[in-house]
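Structure in structure tokens, see below.
The sequence lines fix the lettering, A, B, ..., with proteins before strands; numbering per chain opens at 1.
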Protein chains: 2
Amino acid sequence: MRRNPKTPLWEQVLTDLRRRMSRGEFTSGFPTDRELMQRYKVSRHTAREAVRHLQTEGVLTRYKGRGSFVQPLSLEQRVGPLYSLFRSIEDQGHVQRSDVLELRSVRDREVAEQMGLAIATKFFFLRRLRRADGTPFAVDEIWLPEKIAAPLYEVNFEYTAVYTELERLTDARPVRGWERIRPALPSTEEQRLLGIGPRQPVFVVSRYTETHRGPLEWRTTVVRGDAYTFTTTWSNSKATSEFGVRPTKKRR
Amino acid sequence: MRRNPKTPLWEQVLTDLRRRMSRGEFTSGFPTDRELMQRYKVSRHTAREAVRHLQTEGVLTRYKGRGSFVQPLSLEQRVGPLYSLFRSIEDQGHVQRSDVLELRSVRDREVAEQMGLAIATKFFFLRRLRRADGTPFAVDEIWLPEKIAAPLYEVNFEYTAVYTELERLTDARPVRGWERIRPALPSTEEQRLLGIGPRQPVFVVSRYTETHRGPLEWRTTVVRGDAYTFTTTWSNSKATSEFGVRPTKKRR
DNA sequence: ACGTATTTGTTCGTATGTATT
DNA sequence: CAATACATACGAACAAATACG
């Protein structure tokens, strides 16, 4: 690490730590304050200033007496509407199960383009009807490059989550992504699967995830709009957003 | 402030600062580091540790050489889907204008109940068709307790934002609130106003805001779903959510 | 079960840099 | 230019929680 007189010392340390983290360098334990002081030849104060940022970002967790640990970024990403949707269902004690509608190898020009991959790319494709306590609440389609996801063909996805298996079978770690929500009307097949009428609007959530090795996932989830809402709450400028069960009282 | 040996010093300072802020004590300038040191008999480091938290929460902004200032919490709250919707329109250089459809004093049992107010409560009620460069994109209804919002009857709301006027005419400061999004189909009148068909789904955003003196606002906004989407993006676990113009490329 | 070493958290002191008034 | 105010950076010590022989 080369010292630059213009940018603060702690920031230079931070940038270097980020670089090393992105190489997966601290998977088995993050350096202690003392080690950082020695390695970067800075005071403890400066080292901690750098580390503080990783901490507030949630990338790093520190325990008094134990040490610092890189937060293994869940592929599910503890942010984003979909995560909160699936979690809120389990938080409320419901059992999630899925009907596997399709599971096969496909080529999809549009998906490949969206993910910036070659058109010939072969995808692991999984289409499921998701149920909470038996009641259907979403239709879920997911495309994963076969190069990464090939081992998943062996898994039974009625009970298992895709992310769990990905984490178990690959070393892919997410670095960024996004989800987009829009309102829509269900197709006839979606009506049948979800058990709703043609005029019952739904959420369509699109999701894209990228790892440090490249694009990982393209996903489209159609969620019953009569059963769920997306809520943002705040208190003194701190805000959290999540899907939740639709409140019974309706206005409009 | 009484010192307690169990909780950290900086936290005790922080709590006291919060208490004083909630009384509106620092509206004309926040204490300097030196003043904090003297007032609380702590080191500069400790004082800064307390202030740091206010800073990361966005409650306080500090300027090198100038001083620290309490961030006047905008009524609009720089969080939440609606804020991002209206802002994104202006960010893209479009001009926002509104047709005032209704502006009158009303009683509304359901709204009053939602806000926890007496049924007899009289509301300032405003209903507008919002346009971006002339094109309608949302129908907006807002209820405000007349006790607070009475002065607003004098304002022309074709060009002016409700929040701006509220901040100008009242001392109400928001402490918390929420927004809820659900998909819906437009009513016949909404179809006419927004210029969309009966099968064109919309977002319905409900918003509730509370000040330190009590409930302030109940709001329902119907947004064209063909023109806007709600997006959450993240990078290394930091996430931001906002409404934005609908991308042209559509899948499904 | 105990004591010691380790690691992070808190708190003090001090000095210098940089931007604003 | 001088004074002010926040930012950065060094050093030092003790507290609190944990890990380990």
- Message: Just N and O in the side chain of S68(B): are any of them under 4.0 Å from OP1 or OP2 of dC6(D)?
- Response: yes
- Item | Atom-pair distance (CD on E49(B); P on dA7(D)), nearest Å | 13 Å
- So which one's nearest nucleotide on DNA chain D is more toward 5', E11(A) or R34(B)? R34(B)
- Query: Hey, is CZ on R97(B) packed in by over 12 heavy atoms from elsewhere, all under 6.0 Å?
  - Reply: yes
- Quick check: are there more than 12 heavy atoms from other residues, nucleotides or ligands sitting under 6.0 Å from CZ of R19(A)? yes
- Query: Looking at T46(A), does any N or O in its side chain come under 4.0 Å of the phosphate oxygens OP1/OP2 on dT8(D)?
  - Reply: no
- Gap between atoms NZ and P, on K41(A) and dA9(D) respectively (whole Å): 17 Å
- Note on the structure: Which of dG17(C), dG9(C), dC10(D) is nearest the side chain of K64(B)? It is dG17(C)
- Between CD of Q12(B) and C1' of dT10(C) the distance, given in whole Å, is 12 Å
- Query: Once you round it to whole Å, what is the distance between P of dA7(D) and NE2 of H45(A)?
  - Reply: 11 Å
- Hey, does S43(A) reach any base, or is it just sugar-phosphate, or nothing, if we go heavy atoms under 4.0 Å? base
- Task: When you get a sec, tell me which of dT18(D), dG9(C), dA9(D) is the closest nucleotide to the side chain of R66(A)?
- Result: dT18(D)
- Item | Nearest-nucleotide 5' precedence on DNA chain D, G65(A) against R44(A) | R44(A)
- Item | Proximity to the side chain of R48(B) - top-ranked nucleotide from dG9(C), dT8(D), dC12(C) | dT8(D)
- Message: Please report the distance, rounded to the nearest Å, between CG in L36(B) and C1' in dC6(D).
- Response: 12 Å
- Protein-nucleotide distance (Q38(B), atom CD; dA5(D), atom P), rounded to Å: 11 Å
- Between the side chain of E165(A) and the main-chain N/O of V162(A), is any donor-acceptor distance below 3.5 Å? no
- Query: Donor-acceptor pair, Q96(A) side chain versus R130(A) backbone, under 3.5 Å?
  - Reply: no
- D33(B) CG to dT8(D) P, straight-line distance once rounded to whole Å: 12 Å
- Task: Using modelled atom types only, decide if a donor and an acceptor are shared between the side chain of R128(A) and the backbone of F157(A) within a distance under 3.5 Å.
- Result: yes
- Message: What is the distance, to the nearest angstrom, from the CZ atom on R62(B) to the P atom on dT21(C)?
- Response: 16 Å
- Note on the structure: Of dT8(C), dC10(D), dT11(C), the nucleotide closest to the side chain of W10(B) is dT11(C)
- Task: Would you indicate what E35(A) reaches in the nucleic acid, counting non-hydrogen atoms under 4.0 angstrom: base, sugar-phosphate, or nothing?
- Result: nothing
